[in-house]
Visitor: 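Could you have a look at this structure, given as C-alpha cells, before my questions?
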Amino acid sequence: MTTLLEVRDLKMYYGTMKGDVKAVDDVSFSLRMGESLGIAGESGCGKTSVALALMKLQPSNAKILSGTIKLGDMDVLNMDDDEIRREVRWKRISMVPQAAMNALNPVFTVKDQIIEAILAHEDVSEREAEERTVKLLRMVGIDPSRAGNYPHEFSGGMKQRAMIAMALACNPEIVIADEPTTALDVIVQAQVLKVIKTLQRELGLSMILISHDLSVVAETCDRTIIMYAGNIVENTATVEIFRHPLHPYSIGLIGAFPKLTGEKKRLESITGNPPNLLDPPPGCRFHPRCPHARDVCSRLAPPLLEVHENHLVACHMVNRHPEYR
Amino acid sequence: MTDMSETLFNVKDLVKHFPVHQSLLDSLLRREVLMVKAVDGVSFTIKRGEIFGLVGESGCGKTTTGRVALRLIEPTSGHVLFDGVDVDELPRGEVKAYRREMQIIFQDPFESLNPKMTIYELVAEPLEIHGMGAGDEERRALVSEALEEVQLMPPEEFLFRYPHELSGGQRQRVAIARALILKPRFVVADEPVSMLDVSIRTEVLNLMLDLKEKLGLTIMFITHDLAIARYMSDDIGVMYLGKLIEYGGTREVLDDPDHPYTQALMAAVPVPDAERKRGDLPITGETPQPINVPPGCRFHPRCPYAFDRCRVEEPQLMEVEPGHAAACFLHEEFHAGRLKRGRLPADQAQP
C-alpha cells in the first residue's frame, strides 16, 4: 500500500500565561491508502491536537515548533492558509468534528448546509450539488425526504450521520473522525460506527478515527496508535495491540476496561494521574506511573522503535528485558 | 420476592411524571398538559450489603428513579421503603434523620463541589447540616478519617486545598467522602465515573467496591455502561422509557438476556477486542420521547419480534427463573432457546 500521509517529528506546543503546554511532542506516523487508523488515549494526550495540525486548524495560541506533514507531494505545514483552504481542506482531508451534533447551523436546512459546502469548494452547478447531497444522505442512511429538515428535527444519531455525509461531500481521500460517537447512546453508536465502517470499505477511504474509547477503535480500525501525554507510545495492528500490547501504559489501559463476558476479575488500575504538560516528567513521560521503570526511564525519553515487524513501541524496558513482552 | 430482613431498600410502583411547560396560549385554549413520563411504574428491591445496578440509555429515567428514591424529588405516586419504613409517610421532622442514612454521589465532580469551599469545608458540611460532631476538633477528626477512607492521604495535605487544585479522580473521592462521612447505610451513585478517564475510573470503582465490603454499604449504582454495571453489581435492572424491562442477578440478566432490548444493548456495546466479530444489530431506530410512550409494549415499534399482542397489551415483569424477570411475552421462548437471542428472525434480516 502506498503512503498517503506522513507525519514526522511533529512538535506542537500551546502558549499559555503559565508557559508552554507540551501537547504534541515528536509525533511520527503514517497513513496508508485505504487504511483506517485509530488514535486512542485519554483526555489531554494530544490526539485531537494532532488531528487539528493535519488540517492546519490548530488554535491561534498553538506553535508548531518542528516537524513535517506530507500529504502526497504537498508539504502541509509550509502551505499558507489560502492554499490549504483551496487545496487541502474538504477536498483531500475532511473532518467530522467532536460534538458534531452542535456543528450544524440551526437556521439552515441540512440539505442547504451540505450544498453550501460543495459549492464553496467545487465548481459545479447548484443542481449537481443538490443531486450529490441526496446521494450522500442516502449513503449514510438518511431518507432524502428528510433533507429539507432543520437540524433540530433530527435526532442525535441523524445529525451525526449528516455530519459524516458533509465530510464526504467533496470526495476527500482522508476523513478524520474526532470522537464521532462519544455523545451517543450505545445502540445509536453501534449504528453510526457501522455506517462509518461500511463507507470506509466501500469508498476505499483512508480514515483517522480519534477516540478515548479503545473499544470503539478496536471495532473500527485496522491499525491503532496509543498516545500518552503528547507522545506516541505504541503503534501496531489493532489485532496485535489487543493480543500482545507491549507498552506498560497500553497494557494498563486495556486492563482497565471491565469485560462484558467471561469471569469477573478485579481490574488493575494504573496508579497516579497523567502529568501536567506544562512541566512533564523528564525521560519517559509515563515513568512515574510505570511498574517497570528503571533509572534510565527518568533520564532518557525512549524512542519509538520497531520491536517486531510492524510493531512500534517507545519503551526502554521492552528492548532490554524481553520478559516484559 | 425476598424476605424483608434481607431487603434494605424497596421501591413499589414508583411513578414520576413531569408536566411540560405550557405557554399562556396553551392554557388559555385549555390544551391538555403533556406529561414527560420519566418514571412510569418501577418496582425493585435492593438486598442489604449488595450493589444494585440500574442501567439504561439517556432519558430512560434511571437518574430520576435514583432521585425519587432518595426523595430529593417527590414522586407522583408509589412508595419507597427503607428498612421496612415508608419514607413518604414519615413526618417532616423524621425525614432528616432518614436522609442521613441515605446519601448520593453525583455524576460530575467538576460541578457538584462548590469551588469556593476548601476540601475540609466541603466534607464537614454534611456534619454541620445534621448537627454531628461536637466542636472543631471532633469534626476535624471525622473529616480526616473520611478522607483516609477514600485514600486521599495524608489528609492534612488535602484539608485546605480547593477543588480546582485536585484532579478529577481526587474530586470524585472528595464527593464520596462527603457522602460517607454521615456513615449512611445506603448510597445512590449516579454515573460516578462517567466523567473520568479510563485509568482513573478503575481506581474509583475499586474504591467503591472496597468501601462497600468494609462498611457494609448498600448501593444503587446508576450507569449507562453495561460493562461497568457488570463489574460493580450483584443485581441489575434494565430500564427503557421509564419502565424496568428486565431485572435479576447481574450474570443471569447480562449473560442470558431474555428481553429483546437487553439483547440489543448487549449486541451494541463495543468491546476492546479486535477479534470479536459483531453480528447485525437486532433493532433499528432510536428511543422515542417519553412524552409519547407507544401503546402496548413500549418497545414494540423497535422490536424485531413484535406481534399483534405487543401492540395492544403491556407486558409486566414475568419471572423466567428464580429472581430473574423480563417484561416480554416471548421471555420463555428466549429462555428455552427456541428463539435465538439478539438475532433477527430470518425473514426480517436486513441486507
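Note on naming: letters A, B, ... go to the chains in the order of the sequence lines (proteins, then strands), and numbering restarts at 1 for each one. None of these values were measured; they are calculated from a predicted model.
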Visitor: Is the shortest distance from a Lys or Arg side-chain nitrogen in B:D234 or B:K212 to a carboxylate oxygen in the other one below 4.0 Å?
Guide: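 Salt bridge between B:D234 and B:K212, a charged N being under 4.0 Å from a carboxylate O: yes.
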Visitor: Tell me, side chain or backbone of B:L254 under 4.5 Å from chain A's heavy atoms, or both, or neither?
Guide: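 The answer is neither part of B:L254.
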Visitor: Taking every non-hydrogen pair under 4.5 Å, which of A:T220, A:I241, A:L267, A:V186 racks up the most with chain B?
Guide: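 Top option by heavy-atom pairs under 4.5 Å: A:L267.
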Visitor: Could you tell me which portion of B:S167 (side chain, backbone, both or neither) has an atom closer than 4.5 angstrom to a non-hydrogen atom of chain A?
Guide: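 Contact with chain A: side chain only.
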Visitor: Is chain B contacted by the side chain of A:R266, its backbone, both, or neither, given a heavy-atom distance below 4.5 Å?
Guide: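 Both parts, backbone and side chain.
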Visitor: Counting heavy-atom pairs under 4.5 Å with chain B, which one of A:H212, A:E240, A:M158, A:K259 comes out on top?
Guide: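 Max contact count across the listed options: A:K259.
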Visitor: Side chain, backbone, both or neither: which part of A:I254 has a heavy atom under 4.5 Å from chain B?
Guide: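 Neither part, no heavy atoms under 4.5 Å.
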Visitor: Salt bridge or not between A:R146 and A:E153? Use side-chain N to carboxylate O under 4.0 Å.
Guide: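 Looking at A:E153 together with A:R146, the answer is no, because their closest N to O distance does not fall below 4.0 Å.
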Visitor: Only pairs of heavy atoms separated by less than 4.5 Å count here; which of A:V239, A:L253, A:T181 has the most with chain B?
Guide: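 Highest number of pairs under 4.5 Å: A:V239.
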Visitor: Given the options A:G255, A:P274, A:G272, A:G262, which has more heavy-atom pairs under 4.5 Å with chain B than any of the others?
Guide: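 Answer, by heavy-atom pair count under 4.5 Å with chain B: A:G262.
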Visitor: Select, from B:L265, B:N206, B:L205, the one with the greatest count of heavy-atom pairs under 4.5 Å involving chain A.
Guide: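 Going by pairs under 4.5 Å, I would pick B:N206.
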Visitor: Check A:D178 with A:K47, please: is the shortest side-chain N to carboxylate O separation under 4.0 Å?
Guide: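 Judged by the 4.0 Å cut-off on N to carboxylate O distance, A:K47 and A:D178 do not form a salt bridge.
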